[in-house]
Each structure stands twice: as C-alpha cells, then as structure tokens.
Amino acid sequence: MNTPIVTIRSLADHVGEQVTIQGWCYAKTAKGKLVFLQVRDGTGICQAVVFRGNVEETDFEAANAVTQESSLIVSGTVKADPRAPGIPGGYELDVRHVQLVSLAEPYPIQPKEHGVEFLMQHRHLWLRSSRQWAAMRVRAVIVRAIRNWLDDHGFLNVDTPIITPAAAEGTTTLFQIDYHGEPAYLAQTGQLYNEANIFAFGKVYCFGPTFRAEKSKTRRHLQEFWMVEPEIAFCNLEQLMEIEEQFVSYIVQRCLKECEPELKVLERDTTALQRVTPPFPRITYDQAVEMINAAAARGELVPGYPDPVPPLEWGDDFGSPHETYIAAQFDKPVFVHHYPTQVKAFYMEPEPDRPEVCRSVDLLAPEGYGEITGGSERISDAEKLIAAIQRHHLPMEPYEWYIDLRRYGSVVHSGFGLGVERTVAWICGLDHVRETIAFPRTLTTMRP
Ligand code: 4AD
Ligand code: MG
C-alpha cells in the first residue's frame with residue numbers, strides 16, 4: 001500500500017485518510033483477533049489497531065511478533081477518537097498493513113521502576129522513554145525561543161571560543177587541557193569575549209557549551225552545560241533586569257504555547273508558569289539576608305526540605321536552602337541584586353558609594369529550581385579593573401586585551417548568562433539537571 005508517510009504529531013490533519021507511520025513499538029497488547037500497538041515515531045505516540053480481519057495473515061503474524069522497541073512501518077486509516085491513548089492522543093490508526101523492520105531483542109528498560117544509576121548507564125536507550133523524550137522536546141523549544149527572542153530584539157549572535165588561556169568565573173572550577181605544551185582551559189563562560197564583541201556590534205549573544213569542574217554533587221550542577229549570554233553596550237543594571245524579565249517570560253510563554261502535550265507527559269502543573277510575566281519582583285541581597293535571618297529566628301522550614309532555614313551571615317553566598325526560601329516568598333521569579341563584591345566575579349562593577357556590594361543580579365526561579373541567570377554591570381574603568389584583577393590574585397598578562405576594552409571607548413555595559421539545563425528543569429518540573437540534557441556530564445558520570 002503506497003500511502004503518504006506522516007508524523008504522529010500531524011495525525012489531526014489526516015482524519016479519514018490512509019497514511020503510513022514509521023517508528024518503534026512502545027508497548028503492545030494482544031487480545032485474540034486484535035493487536036494494539038503503541039507506536040512512537042519521535043513526534044508522539046499513537047495507538048495502531050490491528051484487526052485480523054483487516055490485514056493479510058502474514059501482517060497479523062508480524063504484529064503479534066512485534067516486541068518492545070522493534071522498528072516497524074504501519075499503514076491504515078486515521079480515526080479521531082477522544083479516548084484514544086497516546087501523545088498527544090485522540091487519534092488512532094485502523095491498520096491495513098504491518099511491516100516489521102527489525103525485531104528488537106528483549107529490552108532492558110521495562111515499565112517497572114529502575115534505579116537512577118541503571119537508567120543513566122542506559123541513557124542511550126532511556127532517551128526513548130516518554131518523560132525523557134518530552135524533556136528533550138521542551139529543551140529544543142526553549143533553545144528556539146532563546147534564539148528567536150534575541151534575534152528579534154537586535155542581538156547579533158557572535159560565538160566565543162571554547163579553548164581559553166584564562167579563568168573568568170574563578171580558578172577552582174577550571175578544566176585544564178594541554179594546548180601544544182601550553183596549559184589552556186575549557187571556557188567557563190564566553191562573557192569576556194562577548195564584552196569585546198559589543199564594541200563591534202552593540203548587542204550580542206553567544207550560545208554554547210560551557211565547562212566547570214564542579215566538585216560538589218548537587219541537583220543543579222553539571223560539568224558541561226549550555227549557557228546563552230547576552231551582552232549589551234550602554235546598559236546598566238536596572239536596564240539589564242528589564243531585558244531579563246522580558247526574555248525569560250517569553251521563553252516560558254512559548255513553552256506553554258508549544259509544549260502542551262510534553263508538559264502533560266511530565267505532569268507539570270503549569271499554573272505557576274502562567275504567572276511568569278513581567279515585571280518580576282526585585283530585592284537586594286541585604287533584604288534577602290534580613291528575610292532569611294528572620295525566618296531562621298522563627299524556625300521556619302524551607303519548602304521541600306526537612307530542615308529550618310539556616311541563618312546567613314552578611315557577606316556569605318546563598319546556599320540552595322536560602323535560594324529556595326527566598327524564591328518561595330514570591331509567586332514569580334525574583335531578582336536578587338547588589339550581592340557582596342567579595343562573593344562575586346572580579347569583573348563586576350562595585351556600587352560607587354558602597355563598594356562592598358556590586359552591581360550584580362541573580363534571577364531565582366520559583367519552586368526551588370534555584371538561580372537560573374547570573375549577570376551584572378561590568379567594571380568599565382581600566383584602573384578599577386586592574387585593581388580588581390590584582391585583588392583576585394589573577395595574572396595580569398592574559399587579561400591585557402580585556403583591559404584594553406576599557407581604553408578605547410569604554411561604556412557602561414552589562415550582560416547575563418542563562419543556564420539552559422536549569423531552565424529546562426524548572427519549566428519541565430524535573431528535580432535533577434541530569435534529565436535536562438541528552439548525555440549529561442556529572443561529577444560521577446561521563447558514560448555513555
Ligand atoms: O552565574 P554564572 O556563573 O555566570 C556567568 O558565568 C557569567 N559569566 C554570565 C554572564 O554574565 N555572561 O552562570 C550563569 C548561569 C547560572 O545562573 C546557572 O543557570 C548556570 O549558568 N550554571 C550552571 N548550570 C548547570 N551546571 C553548572 N555547573 C552551572 N553553573 C552555572
Ligand atoms: Mg551565578
């Protein structure tokens with residue numbers, strides 16, 4: 001039977017037509033003269049109903065022989081039925097022809113619960129499971145939304161190098177490599193190069209993988225993660241926050257619009273996501289410390305944790321319980337700005353009248369997903385920058401070019417980085433970033 005090959009996602013456009021679907025068997029139930037195949041093709045899952053009376057005997061035998069994950073091609077008539085299971089569901093195939101392409105061996109991943117270690121070892125197969133599939137599809141929409149928003153708002157995509165001679169986000173998380181006898185590092189960020197690029201192009205972004213040898217095992221840290229970093233000339237901290245809230249809201253709203261079936265598979269309660277619209281609340285680090293210490297004094301619990309809010313000394317960085325507590329006080333993502341200069345990167349502009357705090361801002365996602373963006377106004381004066389490099393005990397030579405940017409037409413400028421994996425975790429409601437990227441690199445896993 002020669003019928004058009006269509007995707008499961010497009011079945012609604014083919015009701016009553018004869019079509020062909022190419023895919024894999026997700027599950028099978030056989031009942032006498034009927035075989036129900038759950039077929040997935042990468043765009044969704046649909047039920048293919050094989051009735052013995054409607055197909056050649058050899059095709060019926062093929063349908064009966066199909067094992068989980070066998071590849072197959074089925075043809076038949078598309079029927080609309082609101083009760084039909086699947087993703088998005090509501091359509092099924094009344095089968096006329098079945099072709100078994102390759103019979104799968106007994107499949108190691110079964111509908112029963114497997115431990116995380118087993119699933120991670122089988123990541124190459126686990127990706128086919130519906131929750132993993134859904135998360136990767138949402139990720140792709142997030143990436144598309146990121147690019148679309150920036151491209152539509154005058155940002156030029158200028159990518160930055162992966163192999164770099166100097167640290168940008170602290171020297172403790174560097175992955176060192178051998179660059180023909182000279183030590184070099186995998187990029188922790190593209191920011192410093194982005195700053196050069198704004199002087200040529202005004203508003204830019206880089207988007208690529210970044211690397212951090214994070215020694216701690218947490219739900220939010222990967223060794224290799226993707227970051228989009230917009231950088232803007234003639235932009236101060238307050239203007240930066242306005243850009244960030246527009247950008248993040250757009251990403252969330254695009255996902256709500258385009259990923260309904262995926263978010264349903266993930267059982268994501270989307271009410272909190274619907275509220276993600278500008279403006280976002282803004283608080284200072286000082287205010288956050290007050291809120292944290294007041295809660296600690298009352299013995300208040302951190303949402304989702306068995307423990308009370310730990311007190312925080314002014315000048316220390318937040319731990320994840322602090323971030324979770326602060327975020328839980330708001331019904332939208334919240335900006336925390338003006339962190340202590342001592343806990344932040346060397347390039348952040350200290351507040352002129354109060355240099356112990358800097359013109360930095362982190363955006364904390366609701367529901368305990370933590371910091372999803374980090375950004376700041378950058379030091380724009382050469383002398384101040386040199387002093388900061390010295391204060392951080394960094395070598396001057398690798399930063400000479402970076403200091404140069406302040407010598408030839410320096411301007412107030414700002415930028416931020418948004419971590420794709422944490423954004424995916426938040427939007428999908430996943431509690432660990434290892435499920436937000438196809439092949440995660442964690443402290444304990446780099447295989448497959
Ligand atoms: O706050 P970070 O370290 O900021 C920077 O790297 C700046 N240079 C960005 C800039 O201003 N252009 O990282 C930015 C974001 C974090 O908010 C978080 O979402 C993510 O990157 N991130 C990680 N995601 C997963 N695993 C890790 N180890 C991460 N480290 C940071
Ligand atoms: Mg940060």
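For the numbers below, each heavy atom of this structure counts, side chains included, while hydrogens, waters and symmetry mates do not. Indexing begins at 1, ligand by ligand and atom by atom, following the structure's order.
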- Any luck finding a side-chain donor-acceptor pair between Glu214 and Gln223 under 3.5 Å? no
- Query: Does some non-hydrogen atom of Glu421 fall short of 4.0 Å from ligand 1?
  - Reply: no
- Check ligand 1 against Gly415 and write out every atom of the ligand that is under 4.0 Å from a heavy-atom position of the residue. 11 (O)
- Heavy atoms of other groups near Lys384 NZ, more than 12 under 6.0 Å: yes
- Message: Does only the side chain of Ile372 get under 4.0 Å from ligand 1, or the backbone, or both, or neither? Count heavy atoms.
- Response: backbone
- If only atom types and distance count, is the side chain of Thr210 paired as donor or acceptor with the main-chain N or O of Thr189 below 3.5 Å? no
- Task: With heavy atoms under 4.0 Å as the rule, classify the contact between Phe225 and ligand 1 as side chain, backbone, both or neither.
- Result: side chain
- Consider only side-chain N and O atoms of Asn236 and Arg359, and report whether a donor and an acceptor are under 3.5 Å apart. no
- Item | Glu214-ligand 1 polar pair, N/O distance under 3.5 Å | yes
- With a 4.5 Å limit on heavy-atom distance, are the side chains of Pro261 and Arg9 in contact? yes
- Mind checking whether Phe155 and Trp149 have parallel, tilted or perpendicular rings, split at 30° and 60°? tilted
- Query: Does any donor atom in the side chain of Glu195 or Tyr347 lie under 3.5 Å from an acceptor atom in the other side chain?
  - Reply: no
- Atom indices of ligand 1, in the order listed, that fall short of 4.0 Å to a heavy atom of Thr373: 17 (O)
- Of all the atoms in Glu371, is at least one N, O or S atom closer to the Mg ion (ligand 2) than 2.8 Å? yes
- Message: For ligand 1, which is the ligand I care about here, please tell me if Glu371 has any N or O atom under 3.5 Å from one of the ligand's N or O atoms.
- Response: yes
- Item | Per-atom contacts of ligand 1 with Arg378, taking only distances under 4.0 Å to non-hydrogen atoms | 10 (C), 11 (O), 12 (N)
- Query: For atom 28 (N) of ligand 1, which of Thr173, Leu222, Leu192 has the closest heavy atom?
  - Reply: Leu222
- Can you list the atoms of ligand 1 that are under 4.0 Å from a heavy atom of Gly374? 1 (O), 9 (C), 10 (C), 11 (O), 17 (O)
- For ligand 1, which atoms have a heavy atom of Tyr347 less than 4.0 angstrom away? 7 (C), 8 (N)
- Query: Short N/O distance, under 3.5 Å, between Glu229 and ligand 1?
  - Reply: yes
- Query: Would you call Arg282-Glu242 a salt bridge at under 4.0 Å N-O?
  - Reply: no
- Show which atoms of ligand 1 fall inside a sub-4.0 Å distance from at least one heavy-atom site of Gln191. 7 (C), 8 (N), 10 (C), 11 (O), 12 (N)
- Can you check whether Arg212 has an N/O within less than 3.5 Å of an N/O in ligand 1? yes
- Take Ser380 and Arg378 through the side-chain hydrogen bond (donor to acceptor under 3.5 Å, both in side chains) test and state the conclusion after the steps. CA-CA 6 Å; Ser380 49; Arg378 322 305 190 185; over 6 Å; no
- Distance-only side-chain donor-acceptor flag, Asp317 / Tyr339, under 3.5 Å: no
- Message: Test of understanding: given a 4.0 Å heavy-atom threshold, classify the contact between Arg220 and ligand 1 as side chain, backbone, both, or neither.
- Response: backbone
- Note on the structure: So the atoms of ligand 1 within less than 4.0 Å of a heavy atom of Gly419 turn out to be 15 (C), 19 (O), 20 (C), 21 (O)
